[in-house]
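Below is one structure, written out as structure tokens, with a few remarks after it.
Predicted model only: the values in this text are computed from it and were never measured.
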Amino acid sequence: MDWQGQKRAEMLMQLLLVASAVAAFLVGYAMADFQLMLLVYAGGVVLTALVTVPNWPFFNRHPLKWLDAAEADRHPRPQVSAATTAGKKKIGKNK
């Protein structure tokens with residue numbers, strides 16, 4: 001799942017959970033049945049999980065391009081020296 005797919009899954013999850021909560025409240029209020037309200041909401045949670053948890057193809061529309069091993073060897077990561085980290089002070093409470 002790519003970054004845009006994660007955002008899409010999060011927004012879809014929130015939308016489906018709110019919609020199922022509203023639907024469950026309306027059904028429970030109209031039928032005056034608390035147990036039915038909980039069952040409708042539980043069904044919405046299960047539906048939300050089935051839609052957002054698997055890695056569906058529409059969550060992978062913008063794949064990341066990784067460097068291959070040969071390219072990564074030509075561009076090593078910069079090393080952090082002890083001199084640069086020793087000069088930094090920690091921010092916090094002073095006793």
Side-chain angles (χ1 to χ4, degrees):
M1 186 178 295
D2 56 31
W3 295 108
Q4 288 86 1
Q6 287 179 6
K7 183 178 179 181
R8 185 177 295 121
E10 176 75 20
M11 290 175 56
L12 190 59
M13 180 202 65
Q14 291 177 1
L15 177 76
L16 288 174
L17 286 177
V18 169
S20 64
V22 169
F25 176 76
L26 292 175
V27 168
Y29 186 78
M31 300 293 184
D33 189 359
F34 187 74
Q35 184 177 6
L36 180 61
M37 181 191 71
L38 290 178
L39 287 174
V40 170
Y41 185 68
V45 169
V46 169
L47 176 69
T48 301
L50 289 174
V51 170
T52 59
V53 171
N55 193 14
W56 297 106
F58 62 89
F59 292 137
N60 290 318
R61 290 186 180 163
H62 307 282
L64 296 174
K65 295 180 182 177
W66 296 89
L67 289 176
D68 57 74
E71 187 72 21
D73 289 340
R74 280 188 257 149
H75 303 286
R77 295 179 65 186
Q79 299 296 320
V80 178
S81 65
T84 59
T85 58
K88 295 181 181 178
K89 294 182 179 179
K90 292 185 179 180
I91 299 173
K93 293 183 179 180
N94 293 332
K95 291 185 179 181

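Met37 and Tyr29 fall into different hydrophobic clusters, where Ile, Leu, Val, Met, Phe, Trp and Tyr are joined by side-chain heavy atoms under 4.5 Å apart, directly or via other members. Both Met13 and Tyr41 are assigned to one and the same hydrophobic cluster, defined by single-linkage of ILVMFWY side chains at heavy-atom distances under 4.5 Å. When hydrophobic clusters are built by joining Ile, Leu, Val, Met, Phe, Trp and Tyr residues whose side-chain heavy atoms come closer than 4.5 Å, directly or via intermediates, Val22 is grouped together with Phe25.
Between atom CD of residue Glu10 and atom CD of residue Gln6 there is a gap of 9.5 Å, rounded to the nearest 0.5 Å. Atom CG of Asn55 is separated from atom CG of Asn60 by 4.5 Å, given to the nearest 0.5 angstrom. Interatomic distance, CG of Leu15 versus OG1 of Thr52, reported as 11.5 Å (0.5 Å rounding).
Residue Met1 places its CE atom among more than 12 non-hydrogen atoms of other residues, nucleotides or ligands, all under 6.0 Å distant. Counted within 6.0 Å of CZ on Phe58, heavy atoms from surrounding residues, nucleotides or ligands total more than 12; the atom is thus considered enclosed.
Ala49 and Pro54 get closest at one heavy-atom pair: O-CD, 3.5 Å. Between Arg61 and Asp2, the shortest heavy-atom distance links the atoms N-OD2, 3.3 Å.
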Check against side chain to side chain contact (heavy atoms under 4.5 Å, CB included), Arg8 and Phe59
CA-CA 7 Å; Arg8 185 177 295 121; Phe59 292 137; 4.2 Å; yes
